[in-house]
Amino acid sequence: MRPIIAKPPEDLPDPDLAPAKTVEIDAAGAAGERLDRFVASRLPEVSRTRLQRWIALGAVRCDDRVLPGKTRLRGIETIVVEPQPREADTAFAAEPVPIDVVHEDEQLLVLCKPAGLVVHPAAGNWHGTLMNGLLFHRPALAALPRAGIVHRLDRDTSGLLVVAKTEQAMAALAAQLADRSMGRRYLALAMGRCPASGSIDAAIARDEVSRVRMAAVPAGRGRAARTWYRVLAYGRIGERDVSLLECRLESGRTHQIRVHLRSIGHPLVGDVLYGGAALAGFARQALHAWQLRLRHPADGRAASWVSAMPADMVALCEAAGIDAVAAQRAAAAPFDTDDRTR
């Protein structure tokens, strides 16, 4: 069987960003053995049932790759296991969480996630997640790690997200994330009057002061990250200037847009974790994943989807005197980085 050779994207850690205690296992001499059986033989204190759940949750990785338990080892891997608390034992459960399907075919699902919905079970959020909803509405996804989820959006970020329905699709989509050929565009309302366009090139690592934050750090201390942005409109809420931006990721680090905009003095409206103010009562980060572009895993054809700005962000734009409809039309124009990341 061809394994899913996909390094998990940087936007799939535990939402609370707490460092996990891990166990490393050298697979030397284990060529041909199944991943699940080999790990079980090395961790006899963990029941096979629990271990299968950990694999399903993506808590068992081979050389930074998330793989199915049936994957045959080559005998050269380093296996990392993140032991999960007892609460995780019931996390991979089907629950009637609503999902908003934008597109579906035999290989993939494209969903529009509402703000407030956690994508993947983790500490503090073991139930009621998007993954639980996927398992309820599409039970066959239980055969894939993380129910086919290859990237995530923060709890309070809305917008488009793609889910694989087959191992082939999961490998192809994760590879596109890794080589940056999957296009993801975001609409964001930032504090202050931003420069008309630019890029933010700053490595990202865990904040040394607060475990629930990430931070822009000098090169070499974190993972390289770049965000391109352009201003769609300027506005004002009370005495505060704001800028409606379109942002494009050239990498996919945890909280990347939020961290990068804070690093240049323009945190997102509502993003109190990173210094943004809750203007006009807006109580979440003003960030929406509005466009998703990829090569279809079935035949490599170009495919794209869009999701209109949600009602709460439209109302926020109106409060700032910004025409949200006109701004979204402007966002549909080619981004000057399209050729570089296609």
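Any value given below was found using the heavy atoms of this structure, including those in side chains, with hydrogens, waters and symmetry copies removed.
- Ion pairing between Lys70 and Glu167 holds under the 4.0 Å rule for side-chain N and carboxylate O.
- Remark: Arg284 engages Asp312 in a salt bridge, criterion side-chain N to carboxylate O under 4.0 Å.
- Placement of Val101 and Leu117 within a single hydrophobic cluster is found when ILVMFWY residues are connected by side-chain heavy-atom separations under 4.5 Å, directly or transitively.
- The side-chain tip of Arg193 points at the ring of Tyr234 from less than 6.0 angstrom away and within 45° of straight on.
- Side-chain polar atoms of Thr129 and His120 form no donor-acceptor pair below 3.5 angstrom.
- Atoms CG and CE, on Leu141 and Met131 in that order, are 10.5 Å from each other to the nearest 0.5 Å.
- For Glu208 and Arg221, the salt-bridge test passes: some basic side-chain N is under 4.0 Å from an acidic carboxylate O.
- In this structure, OG1 on Thr78 lies 6.5 Å from CD on Glu24, to the nearest 0.5 angstrom.
- Judged purely by atom type and a 3.5 angstrom limit, Lys165 has no side-chain atom pairing as donor or acceptor with the backbone of Ala169.
- Atom CZ in Arg253 sits 11.0 Å away from atom CD in Glu250 (nearest 0.5 Å).
- Contact detail for Pro297 and Ala172: the closest heavy-atom pair is CB-CB, 3.7 Å.
- A salt bridge links Asp154 with Arg258; the closest basic N to acidic carboxylate O contact falls under 4.0 Å.
- Here the side chains of Leu161 and Val110 are not in contact, with every heavy-atom distance at 4.5 Å or above.
- Checked by atom type and distance alone, the side chain of Lys113 never pairs as donor or acceptor with a backbone atom of Leu160 at under 3.5 Å.
- Atom CZ of Arg184 and atom CD of Gln176 lie 11.0 Å apart (nearest 0.5 Å).
- Here Asp89 pairs with Arg50 in a salt bridge; the nearest charged N to carboxylate O distance falls below 4.0 Å.
- Between Val231 and Ser197 the shortest side-chain heavy-atom distance does not fall below 4.5 Å.
- If you chain together ILVMFWY residues whose side-chain heavy atoms come under 4.5 Å of each other, Ile322 ends up grouped with Leu187, Leu189, Met191, Leu232, Ile237, Val242, Leu244, Val269, Leu279, Phe282, Trp290, Val306, Met309, Met313, Val314, Leu316.
- The distance from atom CG of Asp271 to atom CG of Asp156, rounded to the nearest 0.5 Å, is 9.0 Å.
- In this structure the side chain of Val39 reaches within 4.5 angstrom of the side chain of Ile25, judged on heavy atoms.
- Counted by atom type alone, Gln291 and Ser304 present zero donor-acceptor pairs between their side chains at under 3.5 Å.
- Residue pairs meeting the ring pair (Phe, Tyr, Trp, His ring centres under 6.0 Å) criterion with at least one partner in residues 83-111, sequence neighbours excluded, are His103-Trp305.
- Counted within 6.0 Å of CZ on Arg240, heavy atoms from surrounding residues, nucleotides or ligands total 12 or fewer; the atom is thus considered open.
- Inter-residue side-chain proximity for Tyr274 and Leu268 is flagged as unmet; no heavy-atom pair is nearer than 4.5 Å.
- Heavy atoms only, all atoms of each residue included: Cys62 and Leu73 are closest at SG-CD2, 4.1 Å.
- In this structure, Glu239 places its CD atom where only 12 or fewer heavy-atom neighbours from other residues, nucleotides or ligands lie under 6.0 Å away.
- Looking only at side-chain heavy atoms (C-beta outward), Thr227 and Ser199 stay at 4.5 Å or farther from each other.
- Contact annotation: the side chain of His266 approaches that of Pro195 to within less than 4.5 Å [non-hydrogen atoms, C-beta and beyond].
- Side-chain N/O atoms of Gln107 and Thr166 include a donor and acceptor closer than 3.5 Å.
- No side-chain donor from either of His260 and Tyr229 sits under 3.5 Å from a side-chain acceptor of the other.
- Here the closest heavy-atom approach between residue His288 and residue Ser158 is recorded as ND1-OG, 2.7 Å.
- Salt-bridge check for Asp207 with Arg213: passed, with a basic side-chain N closer than 4.0 Å to an acidic carboxylate O.
- Listed by chain and residue number, nothing satisfies the ring pair (Phe, Tyr, Trp, His ring centres under 6.0 Å) test with His296 (two or more places apart in sequence, or in another chain).
- For Glu77 (side chain) and Arg74 (main-chain N/O), a donor-acceptor pair under 3.5 Å exists by modelled atom type.
- Remark: side-chain polar atoms of Ser243 are not paired, donor with acceptor, to backbone N or O of Ala190 under 3.5 angstrom.
- A heavy-atom distance below 4.5 Å is found between the side chains of Val46 and Trp54.
- Using a 4.5 Å heavy-atom cutoff, the side chains of Thr254 and Ile204 are not in contact.
- Here Trp228 contributes atom CH2 and Ile200 contributes atom CD1; the two are 11.0 Å apart, rounded to the nearest 0.5 Å.
- Side chain of Gln328 to main chain of Ala324: a donor-acceptor pair is present (N/O by atom type, distance under 3.5 Å, no hydrogens or angles).
- One hydrophobic cluster, built from ILVMFWY side chains closer than 4.5 Å, cannot hold both Val259 and Val217; they sit in different ones.
- By the criterion of side-chain heavy atoms lying less than 4.5 angstrom apart, applied directly or through intervening Ile, Leu, Val, Met, Phe, Trp or Tyr residues, Ile149 is not grouped with Phe136; the two fall into different hydrophobic clusters.
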Original post:
When you look at Leu153 and Tyr186, which way does the side chain to side chain contact (heavy atoms under 4.5 Å, CB included) test go after all the steps?
Top reply: CA-CA 11 Å; Leu153 298 173; Tyr186 295 76; 3.7 Å; yes
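- Between the side chains of Arg295 and Ser181, at least one donor N or O lies within less than 3.5 Å of an accepting N or O.
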